[in-house]
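Just below is one structure, and these are the notes that go with it.
Atoms within each ligand, like the ligands themselves, are counted from 1 in listed order. For the single chain, residues carry numbers from 1 onward in sequence order.
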Amino acid sequence: MKNLLATAIALAIFSVAGCATNPPAQSAAKPVAAPAYVPKFDPNLLSAEVKTLSSDEFEGRGPATPGETKTVAYVIEQMKAAGLAPGGELKDGKREWTQPVPLLRAEIKGAPKLAFNVGGKAHALTQGSQIAVRAPLDGAKSVAIAKAPVVFCGYGVTAPERHWDDFKGVDLKGKIAIVLINDPDFETGVGDFGGKAMTYYGRWTYKYEEAARRGAAGLLIVHETDPASYGWATVKNSNTNTMFDVVRDDPSATHPRLEGWIQRDLAVSLLKSSGLDFDKLKKQAQTREFKPVTLRNTTFTASYQVDSSVITSQNIVGRIEGAKHPDETVIYSAHWDHLGVGEPDAKGDRIYNGAVDNATGTAALIELGRAFAHGPKPERSIVFLNVTAEEKGLLGSEYYASKPLYPLGKTVADINMDALDPMGLAKNWSQSGNAKSGLLEEATAIAKANGLYFSEDPHPEAGHFFRSDHFGFAKRGVPAFSWESGDDLVDGGVAAGEKYRKDYTANRYHQPADQWEPTWTFAGMSHDLGVLYQLGHRLANSRQWPNWAADSEFRATRDATAGDRK
Ligand SMILES: [Zn+2]
């Protein structure tokens, strides 16, 4: 397991599909007329592509490895043969097949020196067991924080549209903020942040970003298993190894110098020594009246060296230019990367083949490209975006969305595919998370007309929506979702679907055993691709601009570019 963020991602994905006993969504279902042209998706082609991409020869498709070189060459060759044009970077007036993605790689050298100083006494902290501090992603070559004041800031949320501000004007410059994970209304289940369901304000990425905006020297998140939705082991493993980020123009605008988590017990005793009660403060933090509290006689100290460098990977981009509105774009996306070569499993296998995750999505992208290239020419352009470094934290998609090749204001939607089920036909489908949009309604209606009912994410509090490649688009306002294969199988129902998921999660997921199997029929995938084709086809041949639901945290961002879509 190279990246535990990704572990959380896929566990999330499979818990989504793992208990889809919910009834279909009601309101979204409007009748959809069958389109004049619906291509057939050949399961044999999907199988052959997955087999090649996940073969040992591709070395687990690690970014910036020989496996990447093979993968990029293969996908370009397939896209070309499918009839796509290059849609990548402009060079001398011509489009390349790729978009270079520079990635910052950072690692703490040795054991970091970390301590809380309480009443003049230093309490050294052990990295990995009491605290988990990430290598800095603000570009620093060393970290030296000396006796910084410590401020407890509740949930660390500023949400003007919800009239919520945990900071109340406190100055965090040069200070360390301590915050709680998830939304202020996670525990009560009712409130201004959608109750149990997690908004973006609940994600740790948001909390770091907000701390950076406020100029804090650092942010420490208190780990609690329920609101985090994973245990300390995940926090530890995903934060104390090599970190990656996209290369940003101003990294300190996104990352405070120190980013990390502390164990709940440590937070409790730290507050106690300042005469504060953790549970009481937490209760207060669940109200608008909460005010940040500076910890008496308490400071934080950190000191370590950093090994960092820039590596370059590639997003692969195919395109079909729209016949009538070439400047308006529908995007299909999927990540090509996986974990590469790593620790051997019990059989001594060191190649993490990533057949399901995500050779399936990459094959789907190629075949959707073929379908559009051979069908009627769409009015709007369609981009087939095969992104890198998902397993390192959704970085290829974040890079594209931060430096879009086609303007986001005129991007109709992003339809993402990650870890599709290569087995049989299902009766349902799902999306990661529960964000509502016109795009989701459209997908739901088309899927219904094709015999697939929609299953809601049964665990929206886990924030699955923020853990897939569509998210870089969503956060910038573009309607987006990740399609999840259904688990209510035509052959065997939910019981069979669950059995497959459980086996995959326990025995294959992020392990060398995620390999192509001759028994895979790809019947479900080829049916689902018919639905995704129709969705893209409708979007590409209409004047509609689906938007986020009125109460969505992404709505205002989308509305801000409404002028681009006149
Ligand atoms: Zn994946």
Original post:
With distance as the sole test, does E96 use its side chain to make a donor-acceptor pair with the main-chain N or O of P100 at under 3.5 Å?
Top reply: no
Original post:
Rounded to 10°, how many degrees is the angle OD1/D418-the Zn ion (ligand 1)-NE2/H335?
Top reply: 90°
Subject >> E391 near the Zn ion (ligand 1): N/O/S under 2.8 Å >> reply: no
Original post:
Does some side-chain heavy atom of V50 sit less than 4.5 Å from a side-chain heavy atom of W520?
Top reply: yes
Subject >> Pair H338 + F58: ring centers closer than 6.0 Å >> reply: no
**OP:** Decide whether a cation-pi geometry holds between K448 and F454; the criteria are a distance under 6.0 Å from NZ or CZ to the six-membered ring centre and an angle within 45° of the ring axis.
**Re:** no
**OP:** Examine H338 and say whether one of its N/O/S atoms is closer to the Zn ion (ligand 1) than 2.8 Å.
**Re:** no
**OP:** Tell me whether D357 has at least one N, O or S atom under 2.8 Å from the Zn ion (ligand 1).
**Re:** yes
